[in-house]
Number of protein chains: 2
Amino acid sequence: MILSKSCVYAIRAALYVTANGKGSYVSIREIAEKLDIPFHFLTKILQTLTENNLMTSFRGAKGGVALARAEESISLIEIVKAIDGMDIFKECVLGLPNCGFDRPCPLHDEMVGVRDQIKQTFEQTTLGYLAKKTKDNNFRISALAISA
Amino acid sequence: MILSKSCVYAIRAALYVTANGKGSYVSIREIAEKLDIPFHFLTKILQTLTENNLMTSFRGAKGGVALARAEESISLIEIVKAIDGMDIFKECVLGLPNCGFDRPCPLHDEMVGVRDQIKQTFEQTTLGYLAKKTKDNNFRISALAISA
DNA sequence: TTAAATTAAGATAAAAGAGTCTTAAATAAG
DNA sequence: CTTATTTAAGACTCTTTTATCTTAATTTAA
C-alpha cells in the first residue's frame with residue numbers, strides 16, 4: 001500500500017466534500033456514513049487537514065468541514081503531505097538511507113522513474129478536476145453500493 | 001513503502017547470498033550482521049523463502065542458506081510473491097475493492113500504468129543480473145559503512 | 001561421544017497503525 | 001436559557017508488523 005489508510009480516507013473524504021459541499025459545511029458524520037469510514041477516526045484525520053489549512057471546520061449544530069480554498073487550487077499531494085508526509089516519495093525501495101544519484105541502491109535506477117511519476121500525478125491532480133471526473137464518469141469513492 | 005520490511009530484508013539477503021554464496025551455504029548470522037538485519041527475524045523470513053523453494057537451507061555447523069536455483073532464473077517478483085503476496089500489484093490506491101477497468105476509482109487510470117511498471121520491473125529483474133550490477137557498480141545493499 | 005555451530009520453531013514483547021469511547025467546547029434553534 | 005447537534009481532544013483498545021528470546025533438532029569436527 002503506497003498510502004496509509006488514514007491518507008486514503010483523507011483523500012476520499014476531501015473528494016466527497018468537494019463534490020457535495022458547495023457553499024456549506026458537510027458534517028463529518030455524513031462523510032463517514034457515506035464513505036464507510038469509522039467516524040471518530042475520520043474526525044482526527046480531518047482535524048489534521050484543518051490544522052494544515054486544507055479544510056476549515058465549524059463546530060456545533062449545522063457544523064462540519066469545508067475546503068479551505070478553491071477546489072482547483074488543492075492538489076492531492078497537499079493531502080498526502082499533511083497525512084503521510086513527503087518522505088514516501090523519497091524512500092528507497094530497499095529501505096537504504098540516503099539512496100539517490102550519489103549513493104544508489106541496486107534498484108534505484110529502476111524505481112526513481114515510477115516514483116517521480118507517482119509524485120507528479122499527485123502534484124498535478126486537483127480536487128476540482130478529480131471531483132468533476134468522478135461525477136462525469138460516475139466513478140465511486142466508496143466501497144458501499146451506490147444509494148439513490 | 002511499497003514493500004514490507006520483511007520483503008526488503010528478503011531481497012537484500014537474497015542479493016547477499018547471490019553475491020557471496022557461490023557454491024556453498026551462507027550462514028544467516030553472517031547475512032544478518034553484514035546487512036544489519038535482526039538475526040532471528042531474518043531467520044524466519046529466509047525460512048519462508050525456503051518453504052517457497054527459492055532457497056535451500058542446511059542445519060548444523062557449516063550450515064546456512066543457498067539459492068535453490070540458478071541466480072539468473074530467480075526474479076525479484078518471486079521473492080515479493082513469497083513474502084508480501086501478489087495483491088500489492090493489484091491493490092487500488094484508494095483501497096476500493098474490485099477497482100479495475102470495469103469499476104474504476106477516480107485515480108485508476110493514473111495509477112494503473114505505474115503499478116504495472118513496478119510489477120514488470122520486479123518480474124524482469126533477476127538476482128543474477130542485480131547482483132552483478134551491484135558488484136560492477138559497487139552499489140550497496142546495506143546501510144552499514146562498507147568494511148574491507 | 002562430546003562440544004560447537006547452525007537452522008527450525010514457538011512463545012513473547014515492542015512498536016506502529018487503525019479503530020473506539022468518553023468528555024469538553026462551541027453553535028444553532030426552539 | 002435549554003437542548004440538540006456537532007467538532008475537538010484525549011484516553012484507551014485492537015490488530016498487524018517488527019523484533020526478541022528460548023528451546024529443539026541437526027550437523028560437523030575434535
Side-chain angles (χ1 to χ4, degrees), chain A residues 1-13 17 21 24-68 80 83-85 87-88 91 94-95 143, chain B residues 1-13 17 21 24-52 54-68 80 82-85 87-88 91 94-95 143:
Chain A
M1 182 121 70
I2 291 176
L3 305 174
S4 71
K5 221 158 177 181
S6 295
C7 193
V8 166
Y9 288 162
I11 291 174
R12 288 172 47 208
V17 170
S24 65
Y25 289 94
V26 182
S27 89
I28 299 178
R29 176 130 270 141
E30 174 187 339
I31 305 170
E33 281 170 6
K34 290 292 176 59
L35 301 188
D36 193 30
I37 299 171
F39 169 70
H40 286 100
F41 194 32
L42 182 57
T43 292
K44 298 232 162 91
I45 293 164
L46 295 184
Q47 273 169 33
T48 303
L49 294 190
T50 300
E51 287 160 10
N52 283 270
N53 301 309
L54 297 173
M55 289 200 175
T56 55
S57 67
F58 198 71
R59 284 188 184 186
K62 306 250 171 158
V65 294
L67 296 187
V80 174
I83 305 293
D84 283 348
D87 280 355
I88 65 166
E91 263 171 1
L94 293 186
Chain B
M1 182 119 72
I2 291 176
L3 305 175
S4 72
K5 220 161 176 181
S6 294
C7 193
V8 166
Y9 288 161
I11 291 173
R12 288 172 48 211
V17 170
S24 65
Y25 289 94
V26 182
S27 89
I28 300 178
R29 172 85 51 195
E30 173 187 339
I31 304 170
E33 280 170 7
K34 289 293 176 58
L35 301 188
D36 194 27
I37 299 172
F39 169 70
H40 287 99
F41 194 33
L42 182 57
T43 292
K44 299 232 160 91
I45 294 164
L46 295 185
Q47 272 169 34
T48 303
L49 294 189
T50 299
E51 287 160 10
N52 282 271
L54 296 173
M55 288 199 175
T56 55
S57 67
F58 198 71
R59 286 188 183 185
K62 308 251 172 152
V65 294
L67 297 187
V80 174
I83 305 293
D84 283 348
D87 280 356
I88 64 167
E91 264 172 0
L94 294 186

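Numbered from 1 within each chain, the chains take letters A, B, ... in sequence-line order. It should be emphasised that the depicted structure is a prediction, and the values quoted were computed from it without experimental measurement.
Protein atom CZ of A:Phe41 is 19 Å distant from nucleotide atom P of D:dC12, rounded to whole Å. When the C1' atom of D:dT20 is taken as reference, atom CD1 of B:Ile45 falls 13 Å away, rounded to whole Å. The nearest whole Å value for the distance from the CG atom in A:Leu49 to the C1' atom in D:dT7 is 14 Å. Look at CG on B:Asp36: it is 10 Å from P on D:dA19, rounded to the nearest Å. When rounded to the nearest whole Å, the span between CG of A:Leu42 and C1' of C:dC21 equals 16 Å.
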Do nucleotides 4-17 of chain C as a string where each nucleotide becomes B, S or -: B if the base has a protein heavy atom under 4.0 Å, S if just the sugar-phosphate does, - if no protein is that close.
-> -BBBBBBB------
Residues A:Thr56, A:Leu67; criterion side chain to side chain contact (heavy atoms under 4.5 Å, CB included); working and verdict = CA-CA 6 Å; A:Thr56 55; A:Leu67 296 187; over 6 Å; no
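Each of A:Ile83, A:Ile45, A:Val80 was checked for a side chain to side chain contact (heavy atoms under 4.5 Å, CB included) with A:Ser4, and the lone residue meeting it is A:Ile83.
Heavy atoms only, all atoms of each residue included: A:Ala13 and A:Leu46 are closest at CB-CD2, 4.0 Å. Nearest heavy atoms, B:Ser57 versus B:Val65: CB-CG1, 4.0 Å. Annotation for B:Ala66 and B:Ser24: closest pair CB-O, 4.3 Å, computed over non-hydrogen atoms.
One axis for each end of the helix from C:dT1-D:dA30 to C:dG30-D:dC1, each built from five base pairs, and the angle between them comes to 10° at 10° resolution.
With hydrogens and angles disregarded, no donor-acceptor distance shorter than 3.5 Å links the side chain of B:Arg29 to the backbone of B:Phe39.
Between A:Tyr9 and C:dA18 there is no side-chain polar atom (N or O) within less than 4.0 angstrom of OP1 or OP2.
Atom-to-atom distance recorded for B:Leu94:CG and A:Leu35:CG is 10.5 Å, nearest 0.5 angstrom.
Ring-plane geometry between B:Tyr25 and B:Phe58 is classed as parallel, the angle between the planes falling under 30 degrees on a 0 to 90 degree scale with a further cut at 60.
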